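Before anything else, here's the structure in question.
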Amino acid sequence: MRWSKTFIPTMKEVPADAEIPSHQLMLRAGLVRQVMAGSYTYLPLGWRALRKAEAIVREEMERAGAIELFMPALQPIELFERTGRKDDFGNVLVHFTLKRGDKTVHVALGPTHEEVVTDLIAHHISSYRQLPLTVFQIQTKFRNEERPRFGVLRTSEFLMKDAYSFDRNLEDLDRSYQLMYDVYCRIFARCGLKYVPVEAESGPIGGDASHEFMVPAANGEDRLVRCTACPYAANLERAATGRAAPELLTPSGGPELKRVDTPGSTTIEQVSQLLGCRPEQMIKTLIYLIDDEPVAVLIRGDHEANEAKIRRALGAKTVELADPATIERVTGAPVGFAGPVGLACRIVADHDIPRIPEAVTGANEADAHLTGVVVGRDFQLDATYDLRMATAGDPCPRCGEPMELVHGIEVGHVFKLGTKYSEALGAYFSDEHEQRRPIIMGCYGIGVNRIIAALAETSHDENGLIWPLSVAPYEVLLIGLNMNDGSVVGAADRLYEELKQRGVDVLYDDRDARPGVKFKDADLIGFPLRVVVGAKGLRDGAIEVKWRTDASPEKVPVEEAVDRVLEMLQQRRRDDEQQAARQAADAVR
RNA sequence: CGGGACGUAGCUCAGCCUGGCUAGAGCGCCGGCUUUGGGAGCCGGAAGUCGCAGGUUCGAAUCCUGUCGUCCCGACCA
């Protein structure tokens, strides 16, 4: 393609509305343009990159035996009502009514396709002989995000590869799941992403039923915890800590228990400021309704409660913060003054609570707190649990080494669904014993746009983007430096034609622009391989070849140029492929 | 949905506080000349409903009210 014949609106200045690197660079490099908050046009270069990522996803899915199909974005609302997800999604679900003659049709734009695919399978799979089956599609999804942000990272319309597996039993599901997990590793590795598979909340099935694929990035919306020594990694919701349960003592002496006035101070910050103590000295007393019973959960002042951990620790079904009326009834005080001393309800505590030598807590009375609180003397605990969000420095649950907390971009998610949808939508099969059983499902998503955005976010320097060969809009940029110089134009034109003929994915910058402009654009967009034809080099019969990441170019005789370019591309492809295989193998391990 | 910021030319922004003349600059764009290895120089030119609506005023980009839009923080995100 000739630059002069395509459409690449690059920008020298940073658009005021873009804050994070991927957003700024994708706009400046002419990859995307915003249409409104949360929706973007993919310009020719951005679309090419997106389609290359899509092709990698498709190729690997098919290699793993998944079958591609294509479902409609427009779906009957009734399917979402049958699974209860109309309410679950709430405002996120885009739905509206259409007039058809004298009928009104209530439809939704698919935020995902569990309903449609399960309905399809319910109609056409009835025997164990037809299983297992994994289908996938690459399709536009719609979600009315409450707050679209971060450029193309969080949009209300996006390209998603979603796959669904159908199995006879849990063992087969494990196999399907593992297959998808492994494929995801290959996909992200081939796309040149530095990804981390992390454990995620598993939902109804439990165990290792869900993993997210994260790309660590400072501007990522999600947070993950990973061990600095071993491969353990989990999202923040899920991350366990390897803290040991402390010994529970019943001391008698120690500091004096005192009641102090703290008028109007209900937050950790206010109280610690007023009393001159540190948040880590304080005990946060959260009144939860756990299976509808009030329970006080004790968390250190500087920590954050993790409701999933509370649910698991207590073997509960539902965990929700109590309403103000309940809190007042249980503690005898308004919200903000709860404390464990003299509290009537059940009390559970995080491991860190007994380690506070001299704690500050609410006094269960308005406008008052207690200081000098000693666990085991002023109130009793029978056990402690891991009930809080992990933080940086916590010991790894596998090996005990310190963990780190980093932000990440979620690019993929694999999930064991079980029978939620098959039961709701009647997807049953007869097994070999003539038993009618619900089909066991798994679902597997990849945000294709996010592959591009995550690359832009993590692979750039001060001059612009740096694409891997595999998803670059074009692999090679050929620059004719001075298009008023007949010899340059002649040589560059010949080179372009020959590269094209040899199947090279090349963009030819044939613009009548100054060299500086062309070099800056080349770096900004970040084409992997740059080939320069200039008058200077031509005098010595040479052109120049340079990788985006190289400091200086290599001179190549004009007559060897095409072969050299092909050779370099081949070599790089081999290297990338090997590296991807190694990375994928590491992750699978 | 709570909190904050912003809206003036394609882009980045000044002007607004303290109302007043043809509404400005840089970049980009168009034409001309010069220039050609890292966003060139000179000359000339086109381009703006000052987000929109209403109000105050002799007079509004500027003050007031409303509204729409965008961004950021938080809540939310099967």
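The structure displayed is predicted, hence computed values, not measured ones.
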For the C1' atoms, the ones on B/G26 and on B/U8, what distance do you get once it is rounded to whole angstrom?
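Going atom to atom, C1' in each nucleotide, I get 15 Å.
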Nearest-nucleotide pick for A/Arg147, side chain only, options being B/A78, B/U70, B/C73:
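For A/Arg147, the side-chain atoms sit closest to B/C73.
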Shorter than 3.5 Å, N or O on both sides, protein versus nucleotides 35-38 of chain B: list them out with atom names.
| residue | atom | partner | partner atom | Å |
| --- | --- | --- | --- | --- |
| B/U35 | O2 | A/Arg514 | NH1 | 2.5 |
| B/U36 | O2' | A/Asn482 | ND2 | 3.1 |
| B/U36 | O4 | A/Asn484 | ND2 | 2.5 |
| B/G37 | O6 | A/Gly537 | N | 3.3 |
| B/G37 | N1 | A/Glu544 | OE1 | 3.2 |
| B/G37 | N1 | A/Glu544 | OE2 | 2.8 |
| B/G37 | N2 | A/Glu544 | OE1 | 2.4 |
| B/G37 | N2 | A/Glu544 | OE2 | 3.2 |
| B/G38 | O6 | A/Arg530 | NH1 | 2.8 |
| B/G38 | N1 | A/Asp523 | OD2 | 3.0 |
| B/G38 | N2 | A/Phe519 | O | 3.4 |
| B/G38 | N2 | A/Asp523 | OD2 | 2.4 |

Please measure how far the P atom in B/A60 lies from the corresponding atom in B/A53, and state the result in whole Å.
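B/A60 and B/A53 have their P atoms separated by 14 Å.
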If you count heavy atoms of other groups shown closer than 6.0 angstrom to CZ of A/Arg494, is the number above 12?
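Result for CZ/A/Arg494: open.
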Is there a Watson-Crick or G-U wobble partner for B/C33 with both distances under 3.5 Å, and if so, which one is it?
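Answer to the pairing question: B/G41, which forms a Watson-Crick or G-U pair with B/C33.
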How far, in whole Å, is B/C13 from B/U67 if one measures between their C1' atoms?
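Going atom to atom, C1' in each nucleotide, I get 26 Å.
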When the C1' atoms of B/U12 and B/G2 are considered, how many whole Å apart are they?
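The answer is 32 Å between these two C1' atoms.
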Watson-Crick or G-U wobble partner for B/A46, using a 3.5 Å limit on both distances?
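By the stated definition (distances under 3.5 Å), nothing pairs with B/A46.
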To the side chain of A/Glu19, which of B/A78, B/C72, B/C11 is closest?
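From the listed options, B/C72 comes nearest.
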With rounding to the closest Å, how many angstrom separate the P atoms on B/U70 and B/G20?
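Roughly 32 Å separates the two P atoms.
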Rounded distance in Å - CZ (A/Phe150) to P (B/G74):
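In whole Å, B/G74 P lies 8 Å from A/Phe150 CZ.
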Using the ring centroid of each side chain, check whether A/Tyr444 and A/Phe213 are separated by less than 6.0 Å.
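No, ring centres 6.0 Å or more apart.
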Pairing nucleotide - B/A60, Watson-Crick or G-U, each distance under 3.5 Å:
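Base partner found: none.
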A/His113 side chain to A/Gln75 side chain, donor-acceptor N/O pair below 3.5 angstrom:
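Short answer, yes.
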Would you indicate whether the side-chain heavy atoms of A/Asp222 and A/Ile409 approach each other to under 4.5 Å?
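No; the side chains remain at least 4.5 Å from each other.
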Side chain of A/Lys12 only, please: which of B/C71, B/C27, B/C76 is the nearest?
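The closest nucleotide is B/C27.
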Please report, rounded to the nearest Å, how far the P atom of B/G69 is from the CE atom of A/Met36.
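A/Met36 atom CE is separated from B/G69 atom P by 10 Å.
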Rounded to whole angstroms, how far apart are CZ on A/Arg28 and C1' on B/G10?
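So the two atoms are 16 Å apart, to the nearest Å.
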Considering only atom C1', compute the distance from B/G39 to B/G59 and round it to an integer number of Å.
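It works out to 44 Å between them.
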Of the candidate nucleotides B/U12, B/G39, B/A75, which contains the atom at the shortest distance from the side chain of A/Leu524?
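Among the listed nucleotides, the one closest to the side chain of A/Leu524 is B/G39.
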Quick one: A/Arg149 CZ to B/C73 P, roughly how many Å, whole number?
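About 6 Å, once rounded to whole Å.
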In whole Å, I'd like the distance from the CZ atom of A/Arg82 to the C1' atom of B/A78.
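Atom-to-atom, A/Arg82 to B/A78, this comes out as 18 Å.
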Quick one: look up who B/U18 pairs with, Watson-Crick or G-U, both distances under 3.5 Å, and put none if it's unpaired.
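The base-pairing partner of B/U18, which may sit in any strand shown, does not exist here.
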Base of B/G10 paired with side chain of A/Glu13 (donor-acceptor, under 3.5 Å)
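Flag unset: no donor-acceptor pair detected.
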May I ask you to establish whether A/Lys86 and A/Phe80 are in a cation-pi arrangement, using a distance under 6.0 Å from NZ or CZ to the six-membered ring centre and at most 45° from the ring axis?
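A/Lys86 over A/Phe80 ring: no.
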Could you work out the separation of B/G7 and B/C29 based on their P atoms and round it to a whole Å?
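Looking at atom P only, B/G7 and B/C29 are 26 Å apart.
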Taking CD from A/Glu145 and C1' from B/C71, how many angstroms apart are they, rounded to a whole number?
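Atom CD in A/Glu145 sits about 17 Å away from atom C1' in B/C71.
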Nucleotide forming a Watson-Crick or wobble pair with B/C1, both distances under 3.5 Å:
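The base-pairing partner of B/C1, which may sit in any strand shown, is B/G74.
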What is the distance, to the nearest angstrom, from the CG atom on A/Asp17 to the P atom on B/C73?
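So the two atoms are 13 Å apart, to the nearest Å.
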Tell me the partner of B/C6, counting only Watson-Crick (N1-N3 plus N6-O4 or O6-N4) or G-U wobble (N1-O2 and O6-N3) with both under 3.5 Å; none if nothing fits.
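Base partner found: B/G69.
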For RNA chain B, whose closest nucleotide is more 5', that of A/Ala16 or that of A/Lys518?
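The 5'-side residue here is A/Ala16.
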Using a strict threshold of under 4.0 Å (side-chain N to carboxylate O), is an ion pair present between A/Lys141 and A/Asp162?
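Yes, this pair counts.
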Would you name the heavy atoms of A/Ala491 and A/Val533 that are closest together and state the gap between them?
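Closest pair (atom of A/Ala491, atom of A/Val533, distance): CB-CG1, 4.0 Å.
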State, to 0.1 Å, how close A/Ile452 and A/Ala49 come at their nearest heavy-atom pair, and which atoms those are.
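Scanning both residues, the minimum pair turns out to be CD1-O, 3.5 Å.
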List the steps and the verdict of side chain to side chain contact (heavy atoms under 4.5 Å, CB included) for A/Val225 and A/Thr391.
CA-CA 8 Å; A/Val225 173; A/Thr391 63; over 6 Å; no
Could you give the distance separating B/G54 and B/A40 at their P atoms, to the nearest angstrom?
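Pairwise P distance, B/A40 against B/G54, rounds to 46 Å.
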In whole Å, I'd like the distance from the CD atom of A/Glu307 to the P atom of B/A75.
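The answer, rounded to whole Å, is 13 Å.
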